[in-house]
Amino acid sequence: MENFPGKSLYAVKANPSPDLLRVLWDSGITHYDVASIAEVRLVAKTLPEATLCFMHPVKAEEAIRQAYFDYGVRTFSLDTMEELEKIREATNSAEDLNLCVRLRVSSDHAQLSLASKFGVEAEDSKELLIATRQLADGLGICFHVGSQAMSPQAYVHAIERVRAAIVAAAVTVDIIDVGGGFPSVYPDMEPPALKQYFETIDRAYERLPISYSSELWCEPGRALSAEYSSLIVRVEKRRGTELYINDGAYGALFDAAHVGWRFPVKHLRRDASEEALTGFSFYGPTCDDMDHMAGPFYLPGDIMAGDYIEIGMLGAYGCAMRTKFNGFGSDETVVVSDEPMASLYREDRSAPMAEDNVRVLRPNG
Ligand SMILES: *Cc1c(COP(=O)(O)O)cnc(C)c1O
């Protein structure tokens, strides 16, 4: 809120917890990026005064209609002529729309790609931009560089695509939305400070021919929610360096299992263990072999069944991804006030510190 040189939305999908939504609202976030009618309803109910922006480029017509007429949504994204026509029909040719054309950009700097599913190529965007300009009260261009972008350069390259699209279509643009992708801190993933991202984006944006008359937006999910929660799990069984824990791939640990994401971990025991750290992998509680998290997660060598582990930095894409598969999944939520296990919001630093717990969990670190 203080350092981004424009308006910061929150991408609700990263963590739709009403409690977090209220924390963000109280911190000054007024605009929310929603992707489904259920997210529209949730935010409208939790924060009745919030401004909702429907930024999924492929929407059901009835979702657009409900969002527009019942919930006052005026901002929509799109990446095809068909979606533009759908929005026109669903809103009865409304004249008060902000329409954001989603450009396809590279995910090369990101840990999780968002490059193949959505977006029109800048080279092919002329006709769509001109048609959208005619229908829109406010015309936007948006993109997403992929999640956990490890370099600010990702945004520079994307903004160059925006420039090419604007020049080719010769349209005036009211909103440039640089999307999400802002990183958080995880073991072996230590991005530059957020300030460096903001300064780099500001410079690239100011060089656009429309910067004097347009607004700059971003819509982070991960960066605003990763530090919000930890997961506490119990070790049910130990087999060598494999720990069978009571949450996993079908619970809040989807990314740990399916994309090998490493989260910081901490052994919770009344008397701290003196044993050296050993690399462990985890099995989740379901009967499925895929319910496996390779890690390695560094924990004291004497960890055993009955012990508890805090898995940190799970505020983003953690609880949001849970299923009830096999009947597992706990719903107990406890509000605590201690520091997150790592943070990108502490002053005067660009890398984690010892007290972030990230470093001490490494064998040689
Ligand atoms: C997922 C998503 C975001 C949030 O991405 P993060 O990488 O979590 O910041 C923002 N905008 C859109 C359109 C998304 O799909």
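What you see is a predicted model; the values in this text were computed from it and never measured. Counting convention: from 1, in listed order, for ligands and their atoms alike.
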K.L.:
Write 'none' if nothing qualifies; otherwise put on separate lines each N/O atom of ligand 1 with a protein N/O atom under 3.5 Å away and their distance to 0.1 Å.
P.N.:
unit_1: ligand 1; atom_1: 5 (O); unit_2: His144; atom_2: NE2; d: 2.8
unit_1: ligand 1; atom_1: 7 (O); unit_2: Ser147; atom_2: OG; d: 2.5
unit_1: ligand 1; atom_1: 7 (O); unit_2: Gly181; atom_2: N; d: 3.2
unit_1: ligand 1; atom_1: 8 (O); unit_2: Arg222; atom_2: N; d: 2.8
unit_1: ligand 1; atom_1: 8 (O); unit_2: Tyr317; atom_2: OH; d: 2.5
unit_1: ligand 1; atom_1: 9 (O); unit_2: Gly181; atom_2: N; d: 2.9
unit_1: ligand 1; atom_1: 9 (O); unit_2: Gly221; atom_2: N; d: 2.9
unit_1: ligand 1; atom_1: 11 (N); unit_2: Asp33; atom_2: OD2; d: 3.0
unit_1: ligand 1; atom_1: 11 (N); unit_2: Glu219; atom_2: OE2; d: 2.6
unit_1: ligand 1; atom_1: 15 (O); unit_2: Lys13; atom_2: NZ; d: 2.7

K.L.:
Listed by chain and number, what are the side chain to side chain donor-acceptor pair (under 3.5 Å) partners of Arg222, not counting sequence neighbours?
P.N.:
Ser147, Tyr186
K.L.:
How would you list all residue pairs meeting ring pair (Phe, Tyr, Trp, His ring centres under 6.0 Å) that involve residues 310-331, not counting sequence neighbours?
P.N.:
Tyr250-Phe325
K.L.:
Please list all pairs meeting ring pair (Phe, Tyr, Trp, His ring centres under 6.0 Å) that have one or both residues in residues 86-121, counting only residues at least two apart or in different chains.
P.N.:
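For residues 86-121, and leaving out neighbouring residues, the ring pair (Phe, Tyr, Trp, His ring centres under 6.0 Å) pairs sorted by first residue read His56-Phe118, His109-His157.
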K.L.:
Kindly assign one of parallel, tilted or perpendicular to the pair Phe76 and Phe54, based on the angle between their ring planes and the thresholds 30° and 60°.
P.N.:
parallel
K.L.:
Just wondering, are more than 12 heavy atoms of other shown residues or ligands nearer than 6.0 Å to CD in Glu206?
P.N.:
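More than 12 heavy atoms, drawn from other residues, nucleotides or ligands, come within 6.0 Å of this atom.
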K.L.:
What about Tyr155 and Phe182, are their ring centers closer than 6.0 Å?
P.N.:
yes
